[in-house]
Amino acid sequence: MKKIVTIVGARPQFIKAAVLSRIIVEKNEFEEIVVHTGQHFDQNMSEIFFNEMDLPIPKYNLDIHESMHGAMTGKMLEKIEKVLVLENPDAVVVYGDTNSTLAGALAANKMHIQVAHIEAGLRSFNMEMPEEVNRIITDRISNQLFCPTKQALENLKSEGFDHFGIDIVLSGDIMKDAVSYYNQKAEANSTILEQFDLDSDKFVLATIHRQENTDDPIKLKNILKGLDDISEEIKVVMPLHPRTKKRIAEFELSTKVLLIDPVGYFDMLKLLAHCKMVVTDSGGLQKESFFNKKHCIIARDETEWKELVDNGFAKIVGTDAGKMLDAYDHFLKAKSNFEMNLYGDNVGETIYFHLKNKLGLN
Ligand code: UDP
């Protein structure tokens, strides 16, 4: 049986990989070995997703928790290479834009193993973001690129990818499948609303974790000010990423927002389904808001998911507290057609089909 190695390491990758892994197990046409780099390791940032989403237990856990990007990526490269030598797979699959993505793609590329990149072609056009650099390099050294949106496909074309001999597929966004598959399970299993005394439609959900926001005391303070202003009108609940928690303490910041520990995927989907609106700097949350028919305020200066802004589902406010409150007031009155299909259908099946046929896994 042919074999792929899937590299994961960070929370959003567990969620995306779960969609494809389920199809691989169901079809049973080739084998999947999961490698966890260890980038996210807390129980509520990692293990809970494997349990809730039935992700295959990683055969390898590389246990890499460096904080510097170079050291982290370097160690991953070295350890992933060793795994690839041992496993000798027919292809490597990487997701998104983290250091685990880049290290996985680079290790495979150097061994002439085919690489498939899921969530290819996204660009923020902000080269100071570590994720932007990871994406561009990963795209360029992959053999097969799965674009979540037409915009992502256009980005690749304008960078000349048509001429690189790479197989490029407009697959749609794999997170759409995750939300449709797990939403009902989340509704039935999560007790998060009762736990924190939250009433449907009576709270705003916020998440902040991007390094450009958390590591700058002024930006982080402004974001918390914006959220505090919103919380004068409605309860704001924020599952706190470990990095954000650390920085709030370090910068001695305070907030009226209800801060809770990071939640599992079921709890997150339940919060999304019942909140009034979302404020976030997360890429995944922007689309999950849309899939749950919720408007989204983006605490960044740009987004890779431009179609959400162009069609009035989301607004970019950066770290300006005034703009954040204005956006909240704007969306309270806004009516949007959330039925619009921006992210494709049967995305997991499409990716599976192309992986199998183009990478010769059958
Ligand atoms: N998420 C979660 N629990 C949380 C925060 C986020 O399950 O406490 C999920 C969220 O629903 C989304 C993914 O994690 O599917 C997004 O991850 P993150 O925001 O860390 O990364 P990004 O999407 O920005 O790459």
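When a ligand or atom number is given, it counts from 1 through the structure's own listing order. Worth knowing before you read on, the calculation uses all heavy atoms, side chains too, and leaves out hydrogens, waters and symmetry mates.
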Participant: Under 4.0 Å, heavy-atom basis, I'd like to know which part of Glu131 is in contact with ligand 1: side chain, backbone, both or neither.
Facilitator: neither

Participant: Taking the basic N atoms (NZ, or NE/NH1/NH2) and the acidic carboxylate oxygens, is any pair closer than 4.0 Å for Asp281 and Arg210?
Facilitator: no

Participant: Around atom 9 (C) of ligand 1, find the nearest protein heavy atom and jot down its residue, atom name and distance.
Facilitator: Ile15 CD1, 3.8 Å

Participant: Under 3.5 Å, N or O to N or O, is Arg210 touching ligand 1 that way?
Facilitator: yes

Participant: Exactly one of Thr101, Asn143, Asp139 should register a side chain to side chain donor-acceptor pair (under 3.5 Å) with His117. Which one does?
Facilitator: Asp139

Participant: For the pair Glu119 and Arg135, find out whether any cationic side-chain nitrogen is under 4.0 Å from an anionic carboxylate oxygen.
Facilitator: no

Participant: Can you label the angle between the Phe290 ring and the Tyr343 ring as parallel, tilted or perpendicular, going by 30° and 60°?
Facilitator: perpendicular

Participant: Which atoms of ligand 1 sit under 4.0 Å from any heavy atom of Gly283?
Facilitator: 22 (P), 23 (O), 24 (O)

Participant: Measure Val263 to ligand 1 on non-hydrogen atoms and call it side chain, backbone, both or neither using the 4.0 Å cut-off.
Facilitator: both

Participant: Any atoms of ligand 1 less than 4.0 Å from a non-hydrogen atom of Phe49? List them with their elements.
Facilitator: 2 (C), 7 (O)

Participant: Considering heavy atoms of the protein only, find what lies nearest to atom 25 (O) of ligand 1 and give residue, atom and distance to 0.1 Å.
Facilitator: Pro12 CG, 3.6 Å

Participant: Please list the nearest protein heavy atom to atom 20 (O) of ligand 1 with its residue and the distance rounded to 0.1 Å.
Facilitator: Arg11 NH2, 3.0 Å

Participant: Determine, for Glu212 against Arg300, whether the closest basic-nitrogen to carboxylate-oxygen distance falls under 4.0 angstrom.
Facilitator: yes

Participant: Are any of the heavy atoms in Gln286 under 4.0 Å away from ligand 1?
Facilitator: no

Participant: His241: heavy atom below 4.0 Å from ligand 1, yes or no?
Facilitator: no

Participant: For Asn126, is there any backbone N or O sitting under 3.5 Å from a side-chain donor or acceptor partner on Ser124?
Facilitator: yes

Participant: Give the residue, atom name and distance (to 0.1 Å) of the protein heavy atom nearest atom 11 (O) of ligand 1.
Facilitator: Glu288 OE1, 2.6 Å

Participant: When you check the gap from the basic side-chain N to the acidic O, do Glu29 and Lys2 get nearer than 4.0 Å?
Facilitator: no

Participant: For the 3.5 Å polar cut-off, considering only N or O atoms, please tell me whether Gly284 and ligand 1 meet it.
Facilitator: yes

Participant: Give the atom numbers and elements of ligand 1 that come within less than 4.0 Å of a heavy atom of Pro262.
Facilitator: 8 (O)

Participant: For the pair His65 and His40, evaluate ring-ring contact (aromatic ring centres under 6.0 Å, His included) and give the outcome as yes or no after the intermediate values.
Facilitator: CA-CA 8 Å; His65 316 138; His40 284 165; over 10 Å; no

Participant: If you take the nearest heavy atom of each of Ser282, Ser289, Pro239, which one is closest to atom 22 (P) of ligand 1?
Facilitator: Ser282

Participant: Look only at the side chain of Glu132 and the backbone of Phe125, and say whether a donor-acceptor pair between them is shorter than 3.5 Å.
Facilitator: yes

Participant: Strictly under 4.0 Å, does any heavy atom of Ala178 approach an atom of ligand 1?
Facilitator: no

Participant: Can you sort out which atoms of ligand 1 are near Gly264, meaning under 4.0 Å from one of its heavy atoms?
Facilitator: 7 (O)

Participant: Would you mind running through ligand 1 and noting each atom that sits below 4.0 Å from a heavy atom of Met175?
Facilitator: 12 (C), 15 (O)

Participant: Using 4.0 Å as the upper bound for N to carboxylate O, is an ion pair formed by Asp54 and Arg22?
Facilitator: no

Participant: Check this for me, if you would: do Glu349 and Lys27 make a salt bridge, where the nitrogen-to-carboxylate-oxygen distance has to be below 4.0 angstrom?
Facilitator: yes

Participant: What part of Leu285, side chain, backbone, both or neither, has a heavy atom within less than 4.0 angstrom of ligand 1?
Facilitator: side chain

